[in-house]
Amino acid sequence: LCSRGPYGAFYAAKICQTLADHLSGSHATRIEVLLSQAHMRKRTTEQGGDVKMRIVQVFLIILLTSGTALADSSSPKLAAFYDRQMAIVAGQVYAWKGQNSPTILPVTARQVGVGRDKYYALTNNDDLIVFSGNTNQQTLLMQGVARFSAGASGVLAITNDSVLWWLSGETRQHVATDVAVAAVGDGANYYITSSGDLFVKGRAHRGQYGDGQLKSTDRFVQTASNAT
């Protein structure tokens with residue numbers, strides 16, 4: 001979350017605080033302890049300039065007990081898009097917006113994601129489900145999905161045969177084959193092949209391509225090799 005900009009640490013804190021307010025038992029106790037520790041660390045380190053690193057280390061311990069945090073706003077068990085958030089805690093999938101109470105979604109999932117106005121969940125059966133409007137209403141978006149990344153513009157989904165698809169509204173577009181990981185970023189989207197080639201598409205005005213290019217493209221272009 002902290003990698004998303006100056007408000008990342010704020011969103012991390014709000015997620016943990018909201019869960020602590022609405023969960024019970026050992027999970028809530030653990031989150032409250034971490035929240036207290038994080039506030040203490042923030043006071044003692046904010047003058048040193050490393051407050052973001054301190055906060056992200058503490059807050060993601062409880063929510064990301066398995067798996068590694070991805071480079072964008074999400075991990076398999078935690079996702080946020082501004083004030084819209086999701087988390088998997090003790091096998092339950094929670095979704096909420098702002099200060100509203102978390103809602104338990106009627107799905108068992110191993111990954112969650114958030115878009116501008118939608119919630120996404122990848123089930124244990126490799127079905128990518130989208131929730132829009134009323135969170136009790138779910139739609140099967142795609143089957144045979146290994147992992148995905150969601151954002152404001154849509155979803156990048158990698159199927160079990162390592163094929164990358166772009167999903168946005170009614171659009172389902174084949175992007176590439178032999179893909180290992182993908183991410184929907186802030187104005188630019190990314191994917192890495194199994195051989196380590198990094199491809200980027202979209203806006204470039206803030207150095208999103210990582211190679212000095214500042215001109216946007218409407219197609220994926222390779223910007224690096226040996227990426228992981």
Side-chain angles (χ1 to χ4, degrees), residues 1 3-4 60 63-81 84-88 93 95 105 107-132 138-204 208-211 217-228:
L1 285 171
S3 68
R4 296 295 290 178
L60 299 187
L63 297 179
L64 309 180
T65 54
S66 63
T68 303
L70 303 181
D72 62 358
S73 67
S74 30
S75 78
K77 293 190 176 183
L78 173 67
F81 184 87
R84 188 181 297 272
Q85 296 130 9
M86 293 185 76
I88 302 176
V93 177
L105 300 186
V107 63
T108 300
R110 56 186 170 86
Q111 182 186 351
V112 292
V114 183
R116 184 183 300 277
D117 56 1
K118 295 179 175 63
Y119 297 104
Y120 301 91
L122 180 58
T123 72
N124 295 335
N125 295 323
D126 300 338
D127 293 335
L128 181 57
I129 306 295
V130 58
F131 296 84
S132 56
Q138 56 180 317
T139 302
L140 176 61
L141 193 59
M142 194 173 195
Q143 294 180 305
V145 177
R147 62 186 64 86
F148 75 97
S149 176
S153 54
V155 175
L156 285 172
I158 303 175
T159 55
N160 291 324
D161 55 358
S162 301
V163 175
L164 180 64
W165 293 85
W166 172 246
L167 310 174
S168 180
E170 299 298 322
T171 300
R172 178 179 294 196
Q173 179 183 358
H174 176 275
V175 177
T177 58
D178 197 28
V179 175
V181 64
V184 177
D186 184 11
N189 298 334
Y190 309 80
Y191 73 84
I192 300 175
T193 66
S194 61
S195 59
D197 294 331
L198 171 64
F199 289 82
V200 187
K201 171 186 174 181
R203 304 180 70 181
Q208 291 96 322
Y209 285 40
D211 62 353
T217 66
D218 58 2
R219 61 184 180 86
F220 279 98
V221 297
Q222 183 176 350
T223 61
S225 301
N226 300 318
T228 57

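We use all heavy atoms of the structure for the numbers below, so side chains are in, but hydrogens, waters and symmetry mates are not. If you're wondering where the values come from, they're calculated on a predicted model, not measured in any experiment.
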Inset, instruction - Using modelled atom types only, decide if a donor and an acceptor are shared between the side chain of S168 and the backbone of S153 within a distance under 3.5 Å. - result: yes
Legend entry - For R147, all residues meeting salt bridge (Lys or Arg N to Asp or Glu O under 4.0 Å), sequence neighbours excluded: none
Inset, instruction - Evaluate the side-chain proximity of W165 to V155: yes if any heavy-atom separation is below 4.5 Å, no if none is. - result: no
Legend entry - pair Q222-L198: side-chain heavy atoms closer than 4.5 Å: no
Inset, instruction - For side chain to side chain donor-acceptor pair (under 3.5 Å), just list the numbers for Y119 and S132, CA-CA rounded to whole Å, side-chain angles, deciding distance to a tenth of an Å, and then say yes or no. - result: CA-CA 6 Å; Y119 297 104; S132 56; over 6 Å; no
Inset, instruction - Decide side chain to side chain contact (heavy atoms under 4.5 Å, CB included) for L128 and L167; before the verdict, give the C-alpha distance in whole Å, the side-chain angles of both, and the deciding distance to 0.1 Å. - result: CA-CA 11 Å; L128 181 57; L167 310 174; 4.1 Å; yes
Inset, instruction - Please answer whether the main-chain N or O of F148 pairs with a side-chain N or O of Q111 as donor and acceptor at a distance below 3.5 Å. - result: yes
Inset, instruction - Check salt bridge (Lys or Arg N to Asp or Glu O under 4.0 Å) between D178 and all other residues, then give those that pass, not counting sequence neighbours. - result: none
Legend entry - Validation row: H174, V163 side chains within 4.5 angstrom (heavy atoms): yes
Inset, instruction - Carefully, step by step, assess V175 and F220 under the rule side chain to side chain contact (heavy atoms under 4.5 Å, CB included). - result: CA-CA 9 Å; V175 177; F220 279 98; 3.6 Å; yes
Inset, instruction - Grab the two heavy atoms, one from R110 and one from I88, that are nearest each other, plus how far apart they are. - result: C-CD1, 3.8 Å
Legend entry - Pairwise distance CG(N125) to CG(D127) - rounded to 0.5 angstrom: 6.0 Å
Legend entry - Side-chain touch Y191/S149, heavy atoms, less than 4.5 angstrom: no
Inset, instruction - Identify the heavy atoms of L122 and A146 that sit nearest to each other, and give their distance. - result: CD2-O, 3.5 Å
Legend entry - Polar contact flag, side-chain donor to acceptor under 3.5 angstrom, T223-Y190: no
Legend entry - CH2-CG distance between W166 and N189, expressed to the nearest 0.5 angstrom: 5.0 Å
Inset, instruction - Indicate the atoms forming the closest heavy-atom contact of L156 with A183, along with that distance. - result: CD1-O, 3.6 Å
Inset, instruction - Would you give the length of the straight line joining atom CE of M86 to atom CZ of F131, rounded to the nearest 0.5 angstrom? - result: 6.5 Å
Inset, instruction - Find out whether M142 and T159 are in side-chain contact, i.e. whether some heavy atom of one side chain is under 4.5 Å from a heavy atom of the other. - result: yes
Inset, instruction - Please tell me if the side chains of T177 and L164 come closer than 4.5 Å, counting only heavy atoms from C-beta onward. - result: no
Inset, instruction - Heavy atoms only: give me the nearest D197-S225 pair and the separation to one decimal. - result: OD1-OG, 3.6 Å
Legend entry - Distance-minimising heavy-atom pair for A157 and V145: CB-CG1, 4.3 Å
Legend entry - V112 vs P76 side-chain heavy atoms within contact, under 4.5 Å: no
Legend entry - Side chains of R84 and D117 in contact at under 4.5 Å (non-hydrogen atoms): yes
Inset, instruction - Drop me the distance from I192's CD1 to N226's CG, to the nearest 0.5 angstrom. - result: 11.0 Å
Legend entry - Closest non-hydrogen atom pair between G154 and V184, with its separation: O-CG2, 3.9 Å
Inset, instruction - Check step by step if side chain to side chain contact (heavy atoms under 4.5 Å, CB included) holds for I129 and T139. - result: CA-CA 6 Å; I129 306 295; T139 302; over 6 Å; no
Inset, instruction - Please confirm whether the backbone N or O of R219 pairs with a side-chain atom of T217, one donor and one acceptor, at under 3.5 Å? - result: yes
Legend entry - Reported CG-to-NZ distance for the pair L141 and K118, which is rounded to 0.5 angstrom: 9.5 Å
